Amino acid sequence: MKVEEIIKKQEEWRSHSINLIASENVMSDRARRVYVNDFMHRYAEGKPGKRYYQGTRYADELEEYATELFKEVFGVKYADVRPISGVTANFSTFFALKRKGILAHVGLSSGAHISHELGAQVLGFRTLSLPFDLENWNVDVDGALKLLEKNQPDFVVLGASLYLFPHPVREISESGVPVVHDSAHVLGLHLGEFPDPLKEGATVLTASTHKTFPGPQGGVVLSDDDGTFKKIYNTTFPYIVSNHHIHRLASLAVTLEEMRRWGGEYARATVRNAKTLAEALHALGWKVVAEERGFTETHQVAVDVRDRGGGKHVAETLERANIILNKNMLPWDDNPKDPSGIRIGVQEMTRLGMGKGEMEYIAELMDRALKKPEEVKREVIAFRSEYQCVRFSFD
Ligand code: DSN
C-alpha cells in the first residue's frame, strides 16, 4: 500500500537522522495520540459560543481550554489560537493593523521571514528593510531609528527566521512605532531567558506552535492590548481562516500542559546546547558567526560555510549522512538558492534528551561527514537509535 509505505520510509529515515532544521520539532507521545480525533472532520466558524454551525459544543470547550492555557503559560491577556500557521498569524495581524500601509522588517538576508516581505506585499504593503549591524549581529538601532523617522512606517516587524540574539524591541517601541514581534522561532524560549517582547513594549506577538514550542503545526497571536487584539481576532475569521483545523488544538493543549511544567527547563537546555554546538564547531575550524557575542542566545547556530563549498553543497552533503539542516542566507547574501551559510537548530535533539556530550559528538560527525558522508551515515544511525524518547513530557 503506497501511502503506508511512504510514511514508513519517512519515519524510519527521520527517526534515525540528526534533525537540525531550526523550524521543526517533535511532539510527545500523548500529544501525538490525541492529534487524530473527530474534530478533524468538523467546522466551527466564528468564536466559542457564537458559531455559524451546529454540533460545536465540544469544539468550543477545547478551543477555550487551549486559549486559557496559552494565557496562563505565557502570562498574557489575550490569545487567538485559530491561525493555522505562523504565516496565517502574521496575515491576520498585518491585515488587521493596516490596509496597504508601510511595514519595516529586519531584511530577508538578515533573517526576516518571507511573510514579512512577500506576504506583506501581497496584502498591499510597501516594505522596508532595517539596517543590520554585523558586529553586534543584530538590527542597527541608530540606523533603524533614522529610517523609521524618515519613512514613518505603520509598524515594524521584529523577530526572524534566522534569529541569534534578541532584537531591540524596547528601543524601537520607545520611538513610538508599534512593534509586532514574530516569535515563530523563539516562542518556547520565552519560557526561559529569552526576553518576552510584550513586556518590552511590543503590541502584538505572532508565532507558530511547533518550533522551540514543541506542539502541533499551527499559529497563535498573543497580545495585552484590548483594542489591537480585538481587531486581529475579528480579522482571523472571517478574513484569514474559515475552518481552523480544530483537531490540532487537542495536541496544542497537551503541549501547553507540558510546557507549563517543563518549559523553562527545556528552553534553558536548548540554548545551552546551541552554545555548546557552536563552540565545538568553532573549535573544529568552522566559521560560526557572531563569535564576539558568544555565537547565540537562541536554539540556532549560523555558520558561514563558503570555505567548505557553500550552503547548498554543505547541506546536501550532510543530508547524505542523515544530518538534516538547511542552507541559509547570511546578511551579505542575495541568492537564497546558493547562500553562504547553513542554519542549525538544536531544539528537536534537545527534546530527545541530548546534552553537552551529544552536541560535541554531533559537531565531530558534521566535520567528518563533509569528507565521508556514507561512512558517517552508519554512525549517525547507530547514535540516533539510542534517542527515541521525547522528554519534557508526562509520558
Ligand atoms: N521557513 C520556516 C523556517 O524554517 O524558518 C519558517 O516558516
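Owing to the predicted nature of the structure, the values given are computational and were not obtained by experimental measurement. Scope of the values below: all heavy atoms of this structure, side chains included, with no hydrogens, waters or symmetry mates. In each ligand, atom 1 is the first atom listed, and ligand 1 is the first ligand listed.
Counting only heavy atoms from C-beta outward, the side chains of Pro153 and Lys98 never approach each other to under 4.5 Å.
Under 4.0 angstrom from ligand 1, there are no non-hydrogen atoms of His210.
Residue-ligand proximity: Glu24 is placed with every non-hydrogen atom at 4.0 Å or more from ligand 1.
A cation-pi arrangement, defined by a distance under 6.0 Å to the six-membered ring centre and an angle within 45 degrees of its axis, is present between Arg99 and Phe95.
Among protein heavy atoms, the minimum distance from atom 1 (N) of ligand 1 is reached at His113 NE2, 4.0 Å. Among all protein heavy atoms, the one lying closest to atom 5 (O) of ligand 1 is His185 NE2, 2.7 Å.
No side-chain donor-acceptor contact under 3.5 Å links Thr56 to the backbone of Ala59.
For ligand 1, the atoms lying closer than 4.0 Å to a non-hydrogen atom of Ser161 are 5 (O). Set against the non-hydrogen atoms of Arg343, the atoms of ligand 1 under 4.0 Å away are 3 (C), 4 (O), 5 (O).
Among Ser23, Ala22, Ser85, the residue whose heavy atom sits closest to atom 3 (C) of ligand 1 is Ser23.
Defined by atom type and a distance below 3.5 Å, a donor-acceptor pair is present between the side-chain atoms of Asp182 and His116.
Counting non-hydrogen atoms of neighbouring residues, nucleotides and ligands closer than 6.0 angstrom, the CD atom of Gln217 reaches no more than 12 such neighbours.
Here the two rings, on Phe295 and His282, have centers that are under 6.0 Å apart.
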